[in-house]
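These notes concern the structure reproduced below.
Values reported hereafter were calculated over all heavy atoms of this structure, with side chains retained and with hydrogens, waters and symmetry mates removed. Fair warning: this is a prediction, and the values are worked out from it, not measured in the lab.
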Amino acid sequence: MSVPLYQAKAELFRTLGHPVRIRVLELLQDGPKPVRDLLLEIEVEASNLSQQLAVLRRAGLVESSREGASVMYALSTPDVADLLAAGRRILGSVLADRDGLLVQLQADGRER
């Protein structure tokens, strides 16, 4: 039985709902990286990073390959980077709206 599209989308966003996973995807936007480089950048335990990479792999967001003794990770599609960019734009817009509301509230408080 196939999963409804809305459910598949919800699962994708649940996968993105962890800071380490988001950071990995951000770092991989510049191209494939070995696990050791990801560990240096993210500063989590190797076992934690391994778990998060496995989640990203199962979701199809990253691919892994072996180069000698190193395991390399890369985004599975450039669309992942596009999704992260859209998230930044949405977050910037939401925060800008909140800042505007805060300014309005502060101005309103001075008028009373």
Side-chain angles (χ1 to χ4, degrees):
M1 183 170 196
S2 69
V3 174
L5 182 56
Y6 65 87
Q7 193 172 344
K9 286 180 183 178
E11 185 59 36
L12 171 66
F13 284 108
R14 269 194 294 279
T15 299
L16 295 173
H18 193 286
V20 171
R21 292 181 212 143
I22 293 292
R23 188 64 183 130
V24 165
L25 295 174
E26 288 174 344
L27 291 169
L28 294 179
Q29 289 180 97
D30 297 331
K33 293 199 178 341
V35 173
R36 70 176 176 275
D37 289 1
L38 295 173
L39 276 169
L40 290 173
E41 291 282 340
I42 300 174
E43 298 180 10
V44 295
E45 295 292 325
S47 60
N48 186 341
L49 180 61
S50 178
Q51 288 174 333
Q52 303 311 324
L53 287 167
V55 171
L56 291 170
R57 250 190 347 265
R58 281 192 303 273
L61 297 174
V62 299
E63 299 172 333
S64 63
S65 61
R66 190 168 282 285
E67 287 187 14
S70 296
V71 177
M72 302 290 290
Y73 280 87
L75 297 179
S76 61
T77 171
D79 292 334
V80 175
D82 294 343
L83 180 60
L84 293 172
R88 280 191 298 277
R89 287 191 306 273
I90 291 167
L91 188 56
S93 193
V94 167
L95 293 177
D97 288 348
R98 287 185 184 161
D99 288 345
L101 180 59
L102 179 60
V103 169
Q104 288 175 4
L105 287 171
Q106 289 172 338
D108 188 45
R110 279 183 248 139
E111 292 174 6
R112 293 182 186 234

Minimum side-chain heavy-atom gap [X]-[Y] below 4.5 Å:
X	Y	answer
Ile22	Leu84	yes
Leu61	Thr77	no
Leu38	Leu53	yes
Leu83	Leu16	yes
Ser64	Met72	no
Glu67	Pro34	no

Roughly how far, to the nearest 0.5 Å, is [atom2] of [Y] from [atom1] of [X]?
X	Y	atom1	atom2	answer
Leu49	Tyr73	CG	OH	8.0 Å
Leu25	Leu56	CG	CG	5.0 Å
Gln52	Ser47	CD	OG	10.0 Å

query = Which heavy-atom pair separates Ala59 from Thr15 by the least distance, and what is that distance?
reply =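 Reported closest heavy-atom pair: CB-CG2, 3.8 Å.
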
Other cluster members, Val94 - Ile/Leu/Val/Met/Phe/Trp/Tyr, side-chain contacts below 4.5 Å =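 Besides Val94, the hydrophobic cluster comprises Ile90, listed by chain and residue number.
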
request  = Any salt bridge (Lys or Arg N to Asp or Glu O under 4.0 Å) involving residues 14-29? Give me the pairs, sequence neighbours left out, ordered by first then second residue.
outcome  =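 Salt bridge (Lys or Arg N to Asp or Glu O under 4.0 Å) check on residues 14-29 returns Glu11-Arg14, Arg23-Glu26, Arg23-Glu41.
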
task = List in chain and number order the residues that pass side-chain contact (heavy atoms from CB on, under 4.5 Å) with Arg66, two or more places apart in sequence or in another chain; answer none if no residue qualifies.
result =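 Checked Arg66 against side-chain contact (heavy atoms from CB on, under 4.5 Å); matches are Val71.
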
inquiry  = Is it the case that the side chain of Ser76 and the backbone of Glu63 share a donor-acceptor pair, with hydrogens and angles ignored and the cut-off at 3.5 Å?
reply    =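 Here the side-chain-to-backbone pair does not exist.
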
ask   = Transitively linked via ILVMFWY side-chain contacts under 4.5 Å: Val55 with Leu75?
value =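 No, it is not one cluster - the side chains of Val55 and Leu75 are not joined through contacts under 4.5 Å.
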
